[in-house]
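Worksheet: one structure, shown below.
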Amino acid sequence: MLRKTYVDNFRTLVNFDLPLGELTLLLGPNGSGKTSVFEAVHAVRDFLCGEKTANELFHTGTLTRWETRDTQVFELVLAEPIGEFIYHLEIQHDRTRQRCRVRSERLTHGGHNLFESRLDDEQLRARLYRDNYTAGPELLVDWSRSGVAWVQPRPENTLLTSFKRRMERVIVARLNPAAMGAVADKESPTLAWDASNFVAWFRHVAALDLDLMTKLRPALKEVVLGLDTLSLPSLGDNTKALVAKFGLEEAPGVRGATYSCRFDELSDGERVLLLLYTLLECAGSECTLCLDEPENFLALREIQPWLNMVIEKAQSQAFQTVLISHHPELINALAVGTGRWLERPSGGPTRSREITEDDSGLAIADLVARGWLHE
């Protein structure tokens, strides 16, 4: 589980420290930096997966506008049954050339080094450590990519490999159903920031769990009226489409009729529901879901069942969930005990504080609406 994230000199996040629990709700006014937190976690996750370069993920435009320092710092603390991992990354920027590179990268386990690199004489020198923490040979690595991502699995570095696999199961998304198509010509092990590759990701998780569609059916039938089954028929050349079949057993005048829709023919709300419930079903104990305003496009009666499942799984420590929301239902259900209030006093850097019980008798959502929270 992600216990803490630290970010410095990234958008509005300056010397910013955020503790996280099994379930965390981030609240705050627009522009307070909530989404920036998710963007930072998403960028580090992609960097560790080796998908993109430092220039693509930490370009000069991500530097804090009022800062003159040219170094960004990111740190994630990951608490796992096999021990605590701390990942530390420093990115050095060249504002004139509009480019950046890794200044240093370090991964520790229980306070012992597993990987360490540092820029020295214009070369990024790295050292890999074995599971028993003894030092391996020194290497030269590409300063535009993660050295941790570059390390291949070997019998002597199972701890580092376990860390990478766990980070692959950090899902960060700000859902945009309009960007979700119905067809994919390949599988994708990671979900895109806007979930635009949902069908490719669905293909991947369905291949890992052949009973996935059967498991999803009971919950989806309750919130997507008439939904009977989901399928991935082949269109040839390894291309598949996600199709939903509906049955009208209870509809007057058309009882017994059935019809099918491609995923992109469903409403925005139906597409979001399919994604949210798939995430709940596929997320195992080694998974972190970071969802930015997941209630968008949903009616109240659709939010509550999903929220109940999130709370139940968090209480059983089935997986970790971090939510950003402005919705009163989520605020009143989650703010006290799991909430963190983000704000930017005088328009400066983002700051975070715990949300506690209020003695006014008003619901937390009412306090937020009136601007009375923490006043």
Side-chain angles (χ1 to χ4, degrees), residues 171 173-189 191-192 194-284 289 291-313 321 323 327 329-330:
I171 298 173
R174 189 177 193 181
L175 310 181
N176 178 11
M180 301 179 197
V183 176
D185 59 5
K186 62 181 179 180
E187 297 178 11
S188 175
L191 187 68
D194 60 356
S196 55
N197 68 335
F198 171 67
V199 175
W201 177 76
F202 190 90
R203 284 187 59 176
H204 176 74
V205 296
L208 296 177
D209 184 355
L210 299 180
D211 295 325
L212 174 62
M213 299 190 198
T214 301
K215 293 176 181 177
L216 287 171
R217 188 171 183 266
L220 289 175
K221 278 182 71 70
E222 296 296 321
V223 291
V224 181
L225 298 180
L227 180 66
D228 185 47
T229 59
L230 295 171
S231 62
L232 284 165
S234 175
L235 303 180
D237 297 327
N238 199 39
T239 300
K240 294 185 178 182
L242 181 58
V243 175
K245 181 180 178 181
F246 290 81
L248 306 177
E249 292 87 352
E250 305 298 330
V254 291
R255 187 175 289 110
T258 63
Y259 66 94
S260 297
C261 291
R262 289 191 354 161
F263 182 69
D264 56 0
E265 295 175 315
L266 301 177
S267 71
D268 286 350
E270 288 172 326
R271 277 178 272 181
V272 169
L273 284 168
L274 282 173
L275 171 56
L276 291 178
Y277 278 94
T278 302
L279 286 171
L280 290 190
E281 186 58 51
C282 294
L289 303 181
L291 301 177
D292 192 344
E293 299 189 52
E295 75 279 2
N296 284 349
F297 310 100
L298 302 184
L300 180 59
R301 72 170 186 84
E302 297 167 333
I303 297 171
Q304 193 61 56
W306 182 82
L307 178 59
N308 290 341
M309 289 182 67
V310 169
I311 295 173
E312 179 183 346
K313 287 180 177 288
T321 307
L323 302 174
H327 197 284
E329 195 75 18
L330 272 74

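What you are looking at is a predicted structure, and each value in this text was computed from that prediction instead of being measured.
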Inset, instruction - Take Leu175 and Asn296, measure what side chain to side chain contact (heavy atoms under 4.5 Å, CB included) needs, and give me the verdict at the end. - result: CA-CA 8 Å; Leu175 310 181; Asn296 284 349; over 6 Å; no

Legend entry - Distance in Å, Leu225 CG paired with Glu270 CD, rounded so as to fall on 0.5 Å steps: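 Interatomic distance, Leu225 CG to Glu270 CD, rounded to 0.5 Å: 8.0 Å.
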
Legend entry - Option among Leu279, Val310, Leu275 that satisfies the side-chain contact (heavy atoms from CB on, under 4.5 Å) test with Leu291: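 Of all the options given, the one that passes is Leu279.
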
Inset, instruction - For the pair Phe246 and Asp228, evaluate side chain to side chain contact (heavy atoms under 4.5 Å, CB included) and give the outcome as yes or no after the intermediate values. - result: CA-CA 5 Å; Phe246 290 81; Asp228 185 47; 6.0 Å; no

Legend entry - Non-neighbouring partners of Asp209 that pass side-chain contact (heavy atoms from CB on, under 4.5 Å), sequence neighbours left out: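 For Asp209, the residues satisfying side-chain contact (heavy atoms from CB on, under 4.5 Å) (neighbours in sequence not counted) are Asp211, Leu212, Lys215.
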
Inset, instruction - For the pair Asn238 (side chain) and Asp185 (backbone), establish whether a donor and an acceptor sit closer than 3.5 Å, ignoring hydrogens and angles. - result: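 Checked: pair present.
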
Inset, instruction - Please check if the side chain of Asp268 supplies one atom and the backbone of Pro177 the other of a donor-acceptor pair under 3.5 Å. - result: no

Legend entry - Any residue meeting ring-ring contact (aromatic ring centres under 6.0 Å, His included) with Phe198, in chain and number order, not counting sequence neighbours: Phe202, Phe263

Inset, instruction - Take Phe297 and Arg271 through the test side chain to side chain contact (heavy atoms under 4.5 Å, CB included) and record every step on the way to the result. - result: CA-CA 9 Å; Phe297 310 100; Arg271 277 178 272 181; over 6 Å; no

Legend entry - side chain to side chain contact (heavy atoms under 4.5 Å, CB included) evaluation trace for Met213 with Leu232: CA-CA 10 Å; Met213 299 190 198; Leu232 284 165; 3.8 Å; yes

Inset, instruction - Give a yes-or-no answer on whether the side chains of Asp237 and Thr239 include a donor-acceptor pair shorter than 3.5 Å. - result: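 There is no such pair (donor and acceptor under 3.5 Å, judged by atom type) between the side chains of Asp237 and Thr239.
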
Legend entry - Greater than 12 external heavy atoms within 6.0 Å of Lys240's NZ: no

Legend entry - Check against side-chain hydrogen bond (donor to acceptor under 3.5 Å, both in side chains), Glu312 and Asn308: CA-CA 6 Å; Glu312 179 183 346; Asn308 290 341; over 6 Å; no

